[in-house]
Every structure is written in C-alpha cells, then in structure tokens.
Amino acid sequence: TQAGYLGPWLWKAAVEKAVEEVRGGEKVSDAGAEEQRQALAKYTIDLTELARAVDSERNYISQLTLEQEREIVGNPKLFLVAVCALNHMTLEQITEIHQASRGTYGRLRMLGQLERRGAHANHKRVARLMRSNGIRGIGGPGKRAQRRAGRHSAPAPDLLQRDFSAVKPDERWVADLTEFKTLEGKLHLAGIVDLYSNRLVGWAISDRRTAELPVDALVMAIRRRRPRVGVIHHADHGSQYTSLVFCDRAHDEDVRLSFGRIGTAADNAAMEAFWSVLKRELFHLYGHKVWPDRAALRAALFEYIEVFYN
C-alpha cells in the first residue's frame with residue numbers, strides 16, 4: 001500500500017484496541033501469501049459487529065505511518081478491521097448526506113458530496129454501502145423516443161455545442177421553461193442555471209406562458225449575479241426565447257444569446273437534467289404530481305429552490 005492511502009480513513013485508537021483484542025497479547029509472525037489467504041478465509045467475521053466495537057473510538061482520527069499500514073494490510077484480521085473502519089466511516093457520512101438531501105441523493109450525487117468533504121471513496125463502495133443499508137435516492141426517468149433535429153434558422157448560433165462546462169461563475173447560463181399541473185390549471189416556471197455552480201440564478205413563475213416570463217427570470221439573474229458583459233444565455237427555440245421582447249432585453253443587458261437546434265433536447269441537456277431533478281424531488285418531498293392549487297405549488301417551489309437547492 002502507499003503511505004497515506006488508508007491512513008485518513010482509519011481510527012488509530014480504535015485499530016490499536018482491535019489489535020490488542022485479535023492478537024491476544026501475542027506477537028503476530030510473518031506469513032506467506034498462501035497462509036495469509038487461509039487465515040483470511042478462517043477469520044470471516046461480521047464486519048458490522050467490528051464496526052460497533054470500534055465505534056466508541058471514532059473521535060480519535062489520526063494519520064497512520066507507512067509501517068502501521070503495512071502491518072495492517074499484512075495481517076488478515078487487522079485488514080478486516082481496517083476495511084470495517086473504512087466502511088463504517090463512509091456509511092456515517094453517506095447517512096448524514098442522505099438526510100441532508102431529504103432522501104433525494106443517489107449514488108453519483110452522493111459520491112460528489114463525499115469528494116467535496118475530502119472523502120475519496122470508490123463509486124462501487126458507495127453503491128454497495130447504500131444498497132446494503134437500504135439507502136437510495138430518487139431514480140431518474142426511463143429512455144424516451146427522440147425526435148429528429150430540424151434545420152430552422154435561429155436568431156443566434158449555438159455557442160455551447162453541447163459543452164456544458166464552465167471555468168468560472170456567470171460565464172455560461174442555460175435556460176428553459178417547464179410547467180406543472182394543478183387542479184386550478186397549469187403553472188409555468190422559467191429558470192436559468194449557471195453551469196459553473198449549477199445554481200438556479202434566476203427564475204420566474206406565471207399562470208401564462210408569455211415572453212415576459214423568461215424576461216423576468218433573466219432580470220432576476222442579472223440583478224442577483226451582476227455578470228460581466230458577454231455572459232452566454234443558452235436556450236431552445238421556444239417562441240418566448242426567440243421573441244423580440246426577450247431578445248431586445250438580452251441585448252440591452254449585454255447578454256450573448258445562444259440557441260440549440262429544433263427537435264433535440266440534447267442541445268440543452270443541462271437544463272433538461274435540472275428540470276428532471278426538480279420534478280422528481282418535489283414529488284418525493286410532497287407526493288404531488290397534480291397539485292391542489294397554485295399557491296401550494298408556488299410555496300413549495302420557493303422553499304425547494306431558495307431554501308434547499310440553492
């Protein structure tokens with residue numbers, strides 16, 4: 001093993017305590033590869049019980065030396081303790097992140113949150129721990145039939161070309177409109193997502209799908225973020241985004257417009273992905289596909305976007 005690979009994940013005091021228990025006070029002699037394999041098969045013990053045994057020492061997190069790591073990896077029993085400590089510590093963070101996400105994060109978003117905390121866990125380990133402990137996020141939609149892209153002219157070219165990355169905040173924005181059903185009628189939502197932070201920097205709600213709706217979202221994004229001149233605003237060919245009202249306002253705000261092709265959602269996949277996450281998690285949190293009224297939906301959207309997501 002390399003020095004520092006297992007170290008950050010192991011509890012030094014817990015491992016030392018486990019060493020005393022499994023050794024029984026006797027010094028472990030070096031063994032060959034075949035003997036180690038036989039010993040590993042012999043000591044197939046319950047990792048959950050080991051995790052509970054070392055749980056009381058979880059406050060003693062320390063960096064192990066290379067010699068300590070070699071000793072642990074070279075001894076089957078101690079290696080099981082090390083793996084147990086790794087799994088248990090990872091599971092603790094997974095449980096905490098899952099609760100903070102209100103039960104919405106799946107394997108990939110969980111892995112991203114672990115990496116943000118400095119916990120570089122393998123995606124297979126994360127998936128296995130989540131599956132074995134009944135932790136699951138909100139699944140994505142199935143595959144849908146795709147329409148052929150059209151070749152109609154656009155008021156501006158496609159400046160992204162399906163490259164949904166950004167090297168700094170407020171450099172590239174993607175935008176779109178979506179709708180929700182209520183017993184009082186539909187409610188339309190316009191949103192703008194910053195590709196650097198994935199935050200919804202601007203949004204607006206209306207009972208009607210008019211050109212003023214994306215204008216209001218654009219104004220909110222500009223007032224909040226105050227981007228530099230030339231920020232890219234990418235959208236599809238919806239009539240609201242190609243209207244003179246919206247294009248003129250974007251020009252007045254020094255915003256560079258970008259449009260994908262007609263008939264393909266892949267040209268605005270980042271925004272489509274956000275809508276998918278938003279609707280799945282709203283259903284998970286509130287259980288409504290058809291909302292009782294617009295007021296309840298407005299309140300839920302505000303709470304999700306401003307309090308939870310952003």
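For Phe274 and Tyr309, the distance between ring centers is under 6.0 angstrom. A ring-centre distance under 6.0 Å is not found for Tyr241 and His234.
Atom-to-atom distance recorded for Arg199:CZ and Ile305:CD1 is 13.5 Å, nearest 0.5 angstrom. Rounded to the nearest 0.5 angstrom, Leu213 CG and Leu218 CG are separated by 11.5 Å. Going from atom NZ of Lys124 over to atom CG of Leu111 covers 13.0 Å, rounded to the nearest 0.5 Å. Rounded to the nearest 0.5 Å, atoms CD (Glu115) and NE2 (His123) are 11.0 Å apart. Within the model, atoms CD of Glu179 and OG of Ser206 stand 12.5 Å from one another, a figure rounded to the nearest 0.5 Å. Rounding to the nearest 0.5 Å gives a distance of 11.5 Å between CZ of Arg131 and CZ of Arg136.
Dense packing is recorded around CZ of Phe308, with more than 12 heavy atoms of other residues, nucleotides or ligands lying under 6.0 Å away. The neighbour count for Tyr196 OH, taken as heavy atoms of other residues, nucleotides or ligands under 6.0 Å away, does not exceed 12. Within a 6.0 Å radius of CZ in Arg298, other residues, nucleotides and ligands contribute more than 12 heavy atoms. Environment of CG in Leu183: crowded, with over 12 heavy atoms of neighbouring residues, nucleotides or ligands closer than 6.0 Å. Arg224 CZ: more than 12 foreign heavy atoms inside a 6.0 Å radius.
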Test side chain to side chain contact (heavy atoms under 4.5 Å, CB included) on Val290 and Phe180; report intermediate values, then the result. CA-CA 7 Å; Val290 178; Phe180 298 85; over 6 Å; no

Show the numbers, then the answer: is there a side chain to side chain contact (heavy atoms under 4.5 Å, CB included) between Val277 and Thr104? CA-CA 9 Å; Val277 170; Thr104 60; over 6 Å; no

Quick one, His251 with Phe246, criterion ring pair (Phe, Tyr, Trp, His ring centres under 6.0 Å). Give me CA distance, side-chain angles, the key distance, then yes/no. CA-CA 9 Å; His251 177 74; Phe246 180 81; over 10 Å; no

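Side-chain contact between Trp203 and Phe302 is present, with heavy atoms from C-beta onward closer than 4.5 Å. Side-chain contact between Leu114 and Gln93 is present, with heavy atoms from C-beta onward closer than 4.5 Å. Using a 4.5 Å heavy-atom cutoff, the side chains of Met130 and Ile94 are in contact. Proximity of Met110 to Arg107: side-chain heavy atoms (C-beta onward) are nowhere separated by under 4.5 Å. Between Glu171 and Val231 there is no side-chain heavy-atom pair separated by less than 4.5 Å. Side-chain contact between Tyr304 and Leu278 is present, with heavy atoms from C-beta onward closer than 4.5 Å. Leu160 is listed as a side-chain neighbour of Ile232, based on a closest heavy-atom distance under 4.5 Å. No side-chain heavy atom of Asp236 sits less than 4.5 Å from a side-chain heavy atom of Asp267.
Among all heavy-atom pairs drawn from Ser243 and Ala211, the shortest one is OG-CB, 3.4 Å. Contact record, Ala270 with Leu195: CB-CD2, 3.8 Å, taken as the closest heavy-atom pair. For Ala217 against Ala204, the heavy-atom pair with the smallest separation is N-CB, 3.8 Å. Contact between Ala266 and Phe164 at its shortest, heavy atoms only, is O-CZ, 3.7 Å. Counting all heavy atoms, side chain and backbone alike, Ser132 lies closest to Leu129 at OG-O, 3.2 Å.
Within the 3.5 Å criterion, the main-chain N or O of Arg209 finds a donor-acceptor partner in the side chain of Gln240. Within the 3.5 Å criterion, the main-chain N or O of Ala269 finds no donor-acceptor partner in the side chain of Arg162. When atom types are taken as modelled, the side chain of Asn268 and the backbone of Ala175 share a donor-acceptor pair closer than 3.5 angstrom. Between the Asn310 side chain and the Leu200 main chain, a donor and an acceptor come within less than 3.5 Å of each other. Between the side chain of Arg172 and the backbone N or O of Ser165 there is at least one donor-acceptor pair closer than 3.5 Å. Remark: side-chain polar atoms of His233 are not paired, donor with acceptor, to backbone N or O of Ser258 under 3.5 angstrom. Panel note: side chain Ser101, backbone Tyr105; a donor-acceptor pair is recorded below 3.5 Å.
The side-chain contact (heavy atoms from CB on, under 4.5 Å) test applied to His288 returns Tyr286, Trp291, Pro292, not counting sequence neighbours.
A side-chain donor from one of Glu212 and Thr210 sits under 3.5 Å from a side-chain acceptor of the other. If you check the side chains of Arg280 and Ser276, you find a donor sitting under 3.5 Å from an acceptor.
Placement of Trp173 and Leu177 within a single hydrophobic cluster is found when ILVMFWY residues are connected by side-chain heavy-atom separations under 4.5 Å, directly or transitively. Following chains of ILVMFWY side-chain contacts shorter than 4.5 Å, one can reach Leu187 starting from Leu189, so the two form part of one hydrophobic cluster. Residue Met220 is not grouped with residue Val255 when hydrophobic side chains (ILVMFWY) are merged at heavy-atom distances under 4.5 angstrom, including chains of intermediate members. Both Ile205 and Met271 belong to a common hydrophobic cluster when Ile, Leu, Val, Met, Phe, Trp and Tyr are linked at side-chain heavy-atom distances under 4.5 angstrom. There is no path of hydrophobic side-chain contacts, each under 4.5 Å, that joins Val215 to Val174.
Note on Arg294 versus Asp207: salt bridge recorded, some NZ/NE/NH1/NH2 to OD/OE distance being below 4.0 Å. Ion pair Asp194/Arg225 not flagged as a salt bridge, since none of the NZ, NE, NH1 or NH2 atoms sits closer than 4.0 Å to an Asp/Glu carboxylate oxygen.
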